[in-house]
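Have a look at the structure below, then the notes.
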Amino acid sequence: MTTAIDTNVIVALWDRDPSLSSAAQSALDAALGRGTLVTTASVFAELMAAPGRSESFLDSFFKETSISIDWALGESIWRTAGRAFQAYAARRRKQPDAGPRRIPADFLIGAHALEGGHSLLTLDDYLFRTAFPHLTVVKL
C-alpha cells in the first residue's frame, strides 16, 4: 500500500512541539510499515517557502525518509483537482466564513492520492474527506 503525504505532516514533523513532531514521526513510521511513501511536486514547492530551506536540504530529507516525489502530474490529476477546487469555490461562495481559504496545491495533493489509488496522511482530514469523498484519508 502506498501512502501519500500532505505538506502539513512534514511541517508537523519539523515542529518544535515534541508531541506534534513525535505524532508525525509515528504516523510516518506506521505508513512506511504498510508500504511506500510518496508526495507530489506541489508539496516540495510548498516546503521551499519556509525560510532556510534549500533544495539540497529537501532532497536529502526525502532521500533519508524514503518519501518519493511524483514530479509529473498527469492530465487526470489536474482535471480531478480542478473539479474539486471548483466545488470548493462554490461552497465558499455560499458560506464565506467556512474556515481558511484553500489553494490549488491542496487539491492537487488530494487528486494525486485519489488518482494514484493511495491513502493520504494529513492533519486536515475535513478538507480531503469533503473534496474527495472516495479518498482514504488517514488523520495524523
Side-chain angles (χ1 to χ4, degrees):
M1 171 185 222
T2 299
T3 302
I5 309 300
D6 191 5
T7 310
N8 56 33
V9 173
I10 297 169
V11 170
L13 181 67
W14 296 334
D15 197 278
R16 291 179 190 238
D17 177 352
S19 63
L20 187 57
S21 61
S22 66
Q25 184 66 60
S26 294
L28 286 166
D29 289 344
L32 187 57
R34 291 188 299 271
T36 59
L37 305 178
V38 67
T39 197
T40 69
S42 58
V43 168
F44 186 94
E46 286 185 310
L47 292 171
M48 284 286 298
R53 292 207 193 116
S54 65
E55 288 179 56
S56 62
F57 169 80
L58 291 175
D59 288 339
S60 294
F61 168 78
F62 284 111
K63 184 177 180 180
E64 290 170 12
T65 57
S66 300
I67 300 172
S68 64
I69 301 171
D70 189 351
W71 293 103
L73 302 180
E75 180 180 342
S76 65
I77 292 171
W78 287 98
R79 288 181 180 275
T80 298
R83 286 189 297 272
F85 192 52
Q86 180 183 47
Y88 159 78
R91 287 190 303 275
R92 287 238 9 132
R93 284 190 290 276
K94 292 178 184 172
Q95 295 180 313
D97 295 332
R101 290 198 181 273
R102 302 304 179 165
I103 59 175
D106 294 326
F107 299 92
L108 287 168
I109 292 165
H112 171 263
L114 180 67
E115 292 293 320
H118 314 313
S119 61
L120 177 66
L121 178 61
T122 184
L123 284 156
D124 193 0
D125 62 323
Y126 177 77
L127 167 69
F128 293 105
R129 289 183 199 285
T130 302
F132 303 97
H134 300 293
L135 176 62
T136 301
V137 178
V138 179
K139 184 174 181 181
L140 178 76

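The shortest non-hydrogen separation linking F107 to R102 is CE1-CB, 3.7 Å. Listed here is the closest heavy atom pair of V9 and A24: O-CB, 3.7 Å. Across every non-hydrogen atom of A31 and T3, the tightest pair is CB-OG1, 3.8 Å. Scanning all heavy atoms of the two residues, the minimum distance from A131 to A84 falls at O-CB, 4.0 Å. Closest of all the heavy-atom pairs between F44 and L58 is CE1-CB, 3.4 Å. Closest of all the heavy-atom pairs between T122 and F128 is OG1-CE1, 3.6 Å.
In this structure, T80 and F132 have side chains that are in contact, with non-hydrogen atoms separated by less than 4.5 Å. At least one side-chain heavy atom of V38 sits under 4.5 Å from a side-chain heavy atom of H112. Between Y88 and R101 the shortest side-chain heavy-atom distance falls below 4.5 Å. A heavy-atom distance below 4.5 Å is found between the side chains of V43 and I10. Y126 places none of its side-chain heavy atoms less than 4.5 Å from the side chain of V137.
Between R129 atom CZ and H134 atom NE2 the span is 13.5 Å, to the nearest 0.5 Å. Between S21 atom OG and Q25 atom CD the span is 8.5 Å, to the nearest 0.5 Å. Rounding to the nearest 0.5 Å gives a distance of 10.5 Å between CG of D15 and OG of S22. To the nearest 0.5 angstrom, L20 atom CG is 6.5 Å from L140 atom CG. Expressed to the nearest 0.5 Å, how far NZ of K139 lies from CG of L121 amounts to 11.5 Å. Rounding to the nearest 0.5 Å places CD1 of I67 at 11.0 Å from OG1 of T36.
The hydrophobic clustering, which links ILVMFWY residues whose side-chain heavy atoms are closer than 4.5 Å, places W78 and W71 apart. Cluster membership for L32 and I69, using ILVMFWY side-chain heavy atoms within less than 4.5 angstrom, is shared. The same ILVMFWY cluster, assembled from side-chain heavy atoms under 4.5 Å apart, contains both V11 and L28. I77 is not connected to L120 by any chain of hydrophobic side-chain contacts under 4.5 Å among Ile, Leu, Val, Met, Phe, Trp and Tyr, and they are in different clusters. Criterion: ILVMFWY side-chain heavy atoms under 4.5 Å apart, direct or through other members. Under it, L108 and I103 are not part of a common hydrophobic cluster.
Between the side chain of T40 and the backbone N or O of I109 there is no donor-acceptor pair closer than 3.5 Å. Judged by distance alone, the side chain of N8 and the main-chain N or O of L123 form a donor-acceptor pair under 3.5 Å. A donor-acceptor pair under 3.5 Å is formed between the side chain of R53 and the backbone N or O of L47.
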Show, in sequence, the C-alpha distance, side-chain angles and deciding distance for D106 and L127, and conclude whether the side-chain contact (heavy atoms from CB on, under 4.5 Å) test is met.
CA-CA 9 Å; D106 294 326; L127 167 69; 3.8 Å; yes
Run F62 and I5 through side-chain contact (heavy atoms from CB on, under 4.5 Å) and show every step you take.
CA-CA 11 Å; F62 284 111; I5 309 300; over 6 Å; no
As a quick check of understanding, evaluate ring pair (Phe, Tyr, Trp, His ring centres under 6.0 Å) for W14 and F57, giving each step before the final call.
CA-CA 13 Å; W14 296 334; F57 169 80; 5.5 Å; yes
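Residue R92 places its CZ atom among more than 12 non-hydrogen atoms of other residues, nucleotides or ligands, all under 6.0 Å distant.
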